[in-house]
Engineer: 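Mind looking over this structure? Questions follow.
Every number for a ligand or one of its atoms is a count from 1 in the order of the listing.
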Amino acid sequence: MRIDIATLFPEMCEAVLSTSIIGRARKAGFIEVYCHNIRDFSVDKHQRVDFAPYGGGNGMLMQADPIYRCYEHVCEEACSKPFVIYMSPQGAVLNQALAVDFAENYEHLFLICGHYEGIDERIIEEIVDKEVSIGDYVLTGGELGALVLTDAVGRLCDGVLSEDVCFEDESHYSGLLEYPQYTRPQVWHGREVPAVLLSGNHKMIADWRHEQAVKRTMEKRPDMLKKEK
Ligand code: ADE
């Protein structure tokens with residue numbers, strides 16, 4: 001998987017994506033992530049990338065051309081046309097199924113981060129394949145969304161997590177939240193680890209975990225049980 005992020009704040013993205021599991025996976029070559037400064041693709045002598053919207057209105061709008069030039073640069077460098085995602089509060093809300101879809105069906109993603117009041121509509125018409133939101137609220141820019149998407153997709157790519165990670169058990173994978181888990185010590189602040197987990201009986205443990213997952217989902221996220229799969 002290759003992910004290119006077009007942003008006005010590459011250092012913000014780079015700081016997050018150089019850290020922890022994604023940072024290690026990049027170094028080890030399991031995923032490629034590149035952060036590009038859209039300003040570097042402006043042909044304006046002051047490297048401007050934003051102007052007031054035609055017709056009036058609040059704030060500034062990002063121009064189409066620097067984003068397009070950044071996209072062309074990435075296409076040439078990668079020798080492939082990426083699937084283009086515009087991070088926007090108007091997009092489809094990211095969930096685990098969408099992250100799995102991106103990880104399984106695309107080899108190259110190009111993420112556009114907007115700022116100010118948004119971006120010129122014509123770049124969306126020209127190159128964007130899908131708009132993605134990370135939730136029903138408005139952020140100051142698309143960077144946090146792009147970072148969330150890169151993390152959620154990146155961790156699903158081969159080699160990024162250790163072999164023994166079981167995606168099937170994770171919250172959201174099977175439409176249920178994950179069961180509660182415990183580690184040492186066996187008693188902490190007077191709270192004991194459920195006895196079944198110490199029983200060594202794998203069938204009983206699996207059944208208990210499933211029951212707990214259903215119970216938790218009913219308590220914390222009943223909306224997930226109502227959703228059609
Ligand atoms: N940019 C601004 N708000 C956003 C959101 N909710 N998701 C993704 N990108 C955004």
Side-chain angles (χ1 to χ4, degrees), residues 1-23 31 33-42 48-71 74 82-106 108-157 171-172 221 223-224 227:
M1 169 66 74
R2 169 172 174 157
I3 301 178
D4 287 85
I5 302 176
T7 166
L8 291 175
F9 300 98
E11 64 293 341
M12 167 182 173
C13 299
E14 203 47 70
V16 174
L17 298 170
S18 307
T19 312
S20 186
I21 293 172
I22 298 297
I31 47 168
V33 183
Y34 304 101
C35 306
H36 307 273
N37 192 339
I38 294 169
R39 216 172 277 288
D40 293 343
F41 298 88
S42 167
R48 267 193 83 161
V49 292
D50 62 308
F51 284 90
Y54 283 118
N58 285 340
M60 298 295 219
L61 214 57
M62 281 170 67
Q63 290 178 288
D65 201 55
I67 297 171
Y68 188 73
R69 285 172 184 278
C70 178
Y71 165 76
V74 166
F83 186 77
V84 179
I85 297 171
Y86 171 42
M87 302 310 307
S88 152
Q90 296 186 13
V93 177
L94 181 65
N95 58 19
Q96 190 63 17
L98 195 52
V100 169
D101 177 38
F102 291 144
E104 287 183 353
N105 298 315
Y106 301 95
H108 187 189
L109 303 175
F110 182 79
L111 312 184
I112 301 171
C113 304
H115 247 271
Y116 314 119
E117 291 304 313
I119 64 179
D120 189 310
E121 189 67 21
R122 291 166 296 182
I123 191 70
I124 300 176
E125 293 165 6
E126 186 87 5
I127 64 169
V128 170
D129 296 304
K130 192 170 183 78
E131 294 186 46
V132 174
S133 163
I134 58 161
D136 289 338
Y137 39 78
V138 180
L139 300 166
T140 54
E143 283 74 15
L144 291 171
L147 293 170
V148 168
L149 193 153
T150 302
D151 191 283
V153 172
R155 69 188 288 284
L156 296 170
C157 296
S171 289
H172 297 285
R221 290 290 306 276
D223 57 299
M224 284 172 63
K227 245 185 232 165

Engineer: Asn95 and His172: side-chain donor and acceptor closer than 3.5 Å?
Structural biologist: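 No, His172 and Asn95 have no side-chain donor paired with an acceptor closer than 3.5 Å.
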
Engineer: Going by heavy atoms in the side chains, are Gln96 and Leu156 under 4.5 Å from each other?
Structural biologist: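 SC-SC contact between Gln96 and Leu156 confirmed.
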
Engineer: If you count only heavy atoms, which residues are under 4.0 Å from ligand 1?
Structural biologist: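 Those residues closer than 4.0 Å to ligand 1 by some heavy atom are Met87, Ser88, Pro89, Val132, Ser133, Ile134, Gly135, Tyr137, Val138, Leu139, Gly141, Gly142.
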
Engineer: So with a 6.0 Å cut-off around OH of Tyr54, is the heavy-atom count from everything else above 12?
Structural biologist: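 It does not: Tyr54 OH has 12 such atoms or fewer within range.
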
Engineer: Salt bridge between Asp151 and Arg155, side-chain N to carboxylate O under 4.0 Å?
Structural biologist: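 A salt bridge is absent here (no side-chain N lies under 4.0 Å from a carboxylate O).
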
Engineer: For the residue pair Tyr71 and Phe110, categorise the inter-ring angle as parallel (less than 30°), tilted (30 to 60°) or perpendicular (more than 60°).
Structural biologist: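 Plane angle over 60°, so perpendicular.
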
Engineer: Decide yes or no for Asp4 and Pro82: does some side-chain heavy atom of the first lie under 4.5 Å from some side-chain heavy atom of the second?
Structural biologist: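 Sidechains of Pro82 and Asp4: no contact.
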
